[in-house]
Amino acid sequence: MTQRKADQKRLQLAASVFTHAREGIIITDVQGNIVDVNETFTRITGYSSQEVLGRNPRFLRSDRQGPDFYKAMWQSLTSKGHWYGELWNHTKDGSLYAEMLTIGTVYDDDGQALNYVGLFSDITLQKEHQQELEHIAHYDPLTNLPNRVLLSDRLRQAMAQCQRSDSLLAVVFLDLDGFKSINDRHGHDVGDLLLISLAQRLKNALREGDTLARIGGDEFIAVLAGLENSNNYVPVLERMLQAAAEPVPFGKIMLQVSASLGVTIFPQDAADAEQLMRHADQAMYQAKQAGKNCYHIFDIKNDITINTHTEQLIGIIRALHNNEFVLYYQPKVNIRTNEIIGSEALIRWQHPEKGLLEPSHFLPILEGKSAAAELDEWVIDKVFEQLVEWKTHGFSTPVSINISAVSLQNHGFVQRLYDRQIKYPQLSSNIIELEILETSTLEDITTAASIITACKNIGIKFALDDFGTGYSSLTYLRRLPADQLKIDQSFIRDMLDDPDDLAIVKGIMGLAEAFKRTVIAEGVESTAHGELLLDMGCELAQGYGIAHPMPPEMLPNWSAQWTKL
């Protein structure tokens, strides 16, 4: 009786798990015919148990997987006794859903297969989110054209194809003439509508198979591949100039711009993909100087290569690979409550010959280069590792990281941040804040805003650095979803003596209050700075008056001894 009751309890427990499991459960016989399903199966698929009993699960199949997929699945089941993976099925109403499925084999005492049990969960929302992140990473959200990341990939593929087919390729850099005045006169909303219209016209002017990308602001790049000779691109350029110059009606007004085009030809210009785009950019400026609304061909023979700059760039990349960079941390505090609110990670180069170098000695060389993104990724990795090490020793503080425009728009940037959060589950998701370092990020405000929003959705905060230096505007402040404004240190340092700098600081405080942004002041060097900031309502600060940047091992001790400004 005791054994019978124990068996009965186990059966009741198994039945309860089967009924209340959050995963869908499907049980088949060895022929693959369904013998039972649970309530979650019904909720996900829409089919009741009466509708599926005796049927083979293949009726749920979508057209997303071919016969080879299911052949491999059954080979795994028969040889290993289990299978695990993703697949797409359809519900009763015909809609598709993605599932993560685990199939296991149930054997009898003689090792013969009795049943197959499948457990699956609906991951459609996760897949859709992943697709959204992929789209953000590869496409301009305003025009839906490829962005710089996807452009670079397509350009490299086109270059390889040209080399195989012994054909030519043209890279065309297009910049609109007079677009800024339209933005200033009619506002950015009208400017965005104009960009959308022109993007479609320019795309229609290209040949089938050509690529048009928006790389920021009013700048576009076209890749014309498969050219038989150097004259094939001329009709396309003329169509592009005509498409850009044709008036665009908006309500009662007619908007009109023109375009300046710069062109370089591969493989006559035997550069890599990034250099080809830079050469086309240089040629575009020649077209501007020639009077605009025209195109200019890059002159390879007269191109002057700055060898020193190239050597410096190579040296920085080598230093990164040799682990010569280190991070220092500068505290940030609330000067009203004296609470330590976090720190900023600041990179230094421990040069083997020149000693410890400040960022001003090497970061400008990386501006706009892919190596800037590589260095930023290194910094982010090191910060996460440092946060874990601190936490292991009982210390925790939020850390802000400067990132470049190249990083922000780099392929998979948001996904990599999310992967790091998953890798370090012991860290709070909001312990990292990113600071937009390069003002060029703001040139393509729509793309920047979309990526920042995607980051904020996974708990990453953003600060707008160097605010007040002349690149920011009310429109940027309104459209860029940054959580915090960092008043540039040049205004803070001189505000005690310079009425103009003081007026700028007060103006920024007013803007921050109007747009509901927090403010932090950089460059606080004295108690007088702190007192004046508190009078204006600014409580957050960092600067030499609080602490100099310090190695990570010093920050916990400094934090324990900190009292007030």
Side-chain angles (χ1 to χ4, degrees), residues 140-145 147-148 151 172-203 205 212-222 237 240-263 277-278 280-296 367-368 405-406 408-409 436 438-452 464 466-480 482 504 507 511 515:
D140 169 47
L142 178 65
T143 63
N144 210 34
L145 293 175
N147 61 12
R148 182 183 288 272
L151 168 69
V172 184
F173 196 111
L174 181 149
D175 184 88
L176 296 178
D177 309 318
F179 179 74
K180 184 178 183 300
S181 62
I182 289 178
N183 258 349
D184 294 341
R185 188 181 308 119
H186 301 290
H188 283 268
D189 290 340
V190 172
D192 286 349
L193 293 174
L194 176 61
L195 286 173
I196 294 171
S197 178
L198 291 178
Q200 187 59 51
R201 289 184 179 182
L202 291 169
K203 186 176 180 180
L212 178 68
R214 179 177 178 233
I215 61 171
D218 58 346
E219 295 178 336
F220 300 81
I221 289 182
L237 300 183
M240 293 177 71
L241 290 173
Q242 182 179 356
E246 187 175 346
V248 179
F250 283 105
K252 298 179 180 180
I253 61 175
M254 294 291 289
L255 304 178
Q256 187 169 19
V257 295
S258 60
S260 296
L261 309 182
V263 187
M277 289 189 282
R278 285 195 290 272
D281 188 10
Q282 294 173 30
M284 181 274 295
Y285 280 105
Q286 295 294 322
K288 291 275 190 187
Q289 295 175 3
K292 304 178 181 180
N293 194 26
C294 63
Y295 64 84
H296 182 84
E367 185 173 351
V406 175
L408 189 66
Q409 301 172 89
I436 303 173
E438 296 182 9
T439 50
S440 58
T441 302
L442 305 183
E443 293 175 3
D444 190 355
I445 194 69
T446 304
T447 298
S450 299
I451 296 174
I452 290 173
L464 185 56
D466 296 337
F467 194 82
T469 53
Y471 293 93
S472 303
S473 69
L474 288 174
T475 302
Y476 292 156
L477 186 57
R478 175 173 60 88
R479 297 179 62 188
L480 198 69
I504 290 174
L511 286 173
F515 285 92

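Bear in mind that the values here come from a model prediction, so they are computed numbers and not experimental data. Below, each value reflects all heavy atoms present in this structure, side chains not excepted, and no hydrogens, waters or symmetry copies.
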Taking all non-hydrogen atoms of both residues, which atom of [X] and which atom of [Y] are closest, and how far apart?
| X | Y | value |
| --- | --- | --- |
| Pro247 | Met254 | CB-CE, 3.5 Å |
| Ala199 | Leu145 | CB-CD1, 3.7 Å |
| Met284 | Ser260 | CG-O, 3.4 Å |
| Met240 | Ala205 | N-CB, 4.0 Å |
| Ser197 | Val248 | OG-CG1, 3.7 Å |
| Pro249 | Arg201 | CD-NH2, 4.5 Å |

Under 3.5 Å donor-acceptor, Asp177 side chain and Asn293 backbone: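 Looks like yes, one N/O pair under 3.5 Å.
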Test log, rule side-chain contact (heavy atoms from CB on, under 4.5 Å), inputs Met277 and Leu151: CA-CA 10 Å; Met277 289 189 282; Leu151 168 69; 3.6 Å; yes
Check: Leu194 and His186 side chains under 4.5 Å, non-hydrogen atoms: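 In short, these two side chains do not touch, never coming nearer than 4.5 Å.
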Note, Ile436 side chain near Ile452 side chain (heavy atom, < 4.5 Å):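 Ile436 reaches Ile452 side chain to side chain.
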Stepwise side-chain contact (heavy atoms from CB on, under 4.5 Å) check, Phe173 with Ile215: CA-CA 10 Å; Phe173 196 111; Ile215 61 171; 3.6 Å; yes
N-O pairing of Arg214 and Asp140 below 4.0 Å: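 The answer is yes: the pair qualifies as a salt bridge.
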Once you round to the nearest 0.5 Å, how far does [atom1] of [X] lie from [atom2] of [Y]?
| X | Y | atom1 | atom2 | result |
| --- | --- | --- | --- | --- |
| Leu261 | Phe220 | CG | CZ | 12.0 Å |
| Ile253 | Arg185 | CD1 | CZ | 9.0 Å |
| Asp175 | Ser258 | CG | OG | 9.5 Å |
| Ile221 | Asp281 | CD1 | CG | 7.5 Å |
| Leu176 | Leu195 | CG | CG | 6.5 Å |
| Leu212 | Thr143 | CG | OG1 | 7.5 Å |

Is atom [atom1] of [X] surrounded by more than 12 heavy atoms (other residues, nucleotides or ligands) closer than 6.0 Å?
| X | atom1 | answer |
| --- | --- | --- |
| Lys288 | NZ | yes |
| Gln242 | CD | no |
| Tyr285 | OH | no |

